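Here's the structure, in structure tokens; my notes come after.
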Amino acid sequence: MVDIHSFLTEYKKRVDERLVAFISALDITEKLKESMLYSIKAGGKRLRPILLIAVTEACGGAFDKAMAPGLSLEMLHTYSLIHDDLPAMDDDDLRRGLPTNHKRYGEATAILAGDALLTLAFQCLAEAPGLNDEQKIALVGKLARAAGPEGMVGGQMDDIDAEGKTLDIRALEHIHLRKTGRLLEYAVEAGAIIAEADADVRRKLAAFARHLGIAFQIKDDLLDIEGEEAVIGKRVGGDAERHKNTYPGLLTVEGAKRELERHYQSALAALEAANVSSDVLAALTRYIIIRER
Ligand code: GRG
């Protein structure tokens, strides 16, 4: 049996150390570095880099080759959170248990810290040690697609536009597949590319990632209703206040929990079919649906 909490603690520690070292070593304006490090050090779960590394290892690839792509993904994710919290977007005061970046450093610096983390993510990926040029080009292109207008940014745009309107479940899923799902799908695909997994394994892992992404978002919506602010590190109840479309809002809490279970089971079935070393990935999937933050 995998002890997922020990696994997460150990891998998070390694990711945290390398992230802080990477940014601290940059020869850049102090204020910008401080504001980038503030959000990086605020302590997220590091689920995306850990998933990327775990998939690499499940497909027989090396931890060391996955580290830089994992760091790159966490930098990009942190940029999205900094920008999402800005007054022009969600206007949040609290993130990862601390005042949001713009509350601490002001809006201009927060925007630039986000921009810096977004661009640094691609620098880090393009210079990743141990990967060949073909792998790097594939990863850079796929990360851009996952994060850009066809992915997270497009999903965020539609999510903002949908506030106050009632969507059906298909439209909601279309938003979340891009806003939250694409980066998680990228994490899985990147791990498979780094480990040079064959096309059939990659296809089956893609199905796993899709269900995992939706499950992650449903759980996120449920935590916004049932979670504890002190544990989550951000305000709860914000979705309802902003009249956001959520899974519990459309399906009721019980309905959302059933949908969560359905995607969890489908994710496990796809993982089983991929025929990789799946114990850690199955445990990670379970963690994602039972997490309290
Ligand atoms: C600003 C372009 C742009 C996009 C923002 C990611 C995002 C899109 C918005 C964040 C709002 C939100 C609550 C999204 C739902 C899922 C999500 C990404 C939650 C945060 O990710 P976690 O739980 O956070 O992995 P930590 O802090 O642990 O890294």
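Counting starts at 1 for both ligands and their atoms, in listed order. What you see is a predicted model, and the numbers here were worked out from it, not measured in a lab. Residues take their numbers from the sequence shown, with the count starting at 1.
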Compile the donor-acceptor pairs under 3.5 Å between side chains in residues 105-112 and protein atoms, sequence neighbours left out, one pair per line.
residue : atom : partner : partner atom : Å
Y105    : OH   : E34     : OE2          : 3.0

Write 'none' if nothing qualifies; otherwise put on separate lines each N/O atom of ligand 1 with a protein N/O atom under 3.5 Å away and their distance to 0.1 Å.
residue  : atom   : partner : partner atom : Å
ligand 1 : 21 (O) : R48     : NH2          : 3.2
ligand 1 : 23 (O) : K45     : NZ           : 2.6
ligand 1 : 25 (O) : R48     : NH1          : 2.7
ligand 1 : 25 (O) : R48     : NH2          : 3.4
ligand 1 : 27 (O) : R96     : NE           : 2.8
ligand 1 : 28 (O) : K45     : N            : 2.9
ligand 1 : 28 (O) : K45     : NZ           : 2.8
ligand 1 : 29 (O) : H77     : NE2          : 2.8
ligand 1 : 29 (O) : R96     : NH2          : 2.7

Legend entry - Under 3.5 Å: donor-acceptor pair, side chain of T78, backbone of I40: no
Legend entry - Heavy-atom donor-acceptor pair, T56 side chain to L52 backbone, under 3.5 Å: yes
Inset, instruction - Please list, chain by chain and in numerical order, all residues satisfying side-chain hydrogen bond (donor to acceptor under 3.5 Å, both in side chains) with E127, sequence neighbours excluded. - result: none
Legend entry - Partner residues of R293 under the side-chain hydrogen bond (donor to acceptor under 3.5 Å, both in side chains) criterion, sequence neighbours left out: none
Legend entry - Ion pair check, R14 and E10, cut-off under 4.0 Å: yes
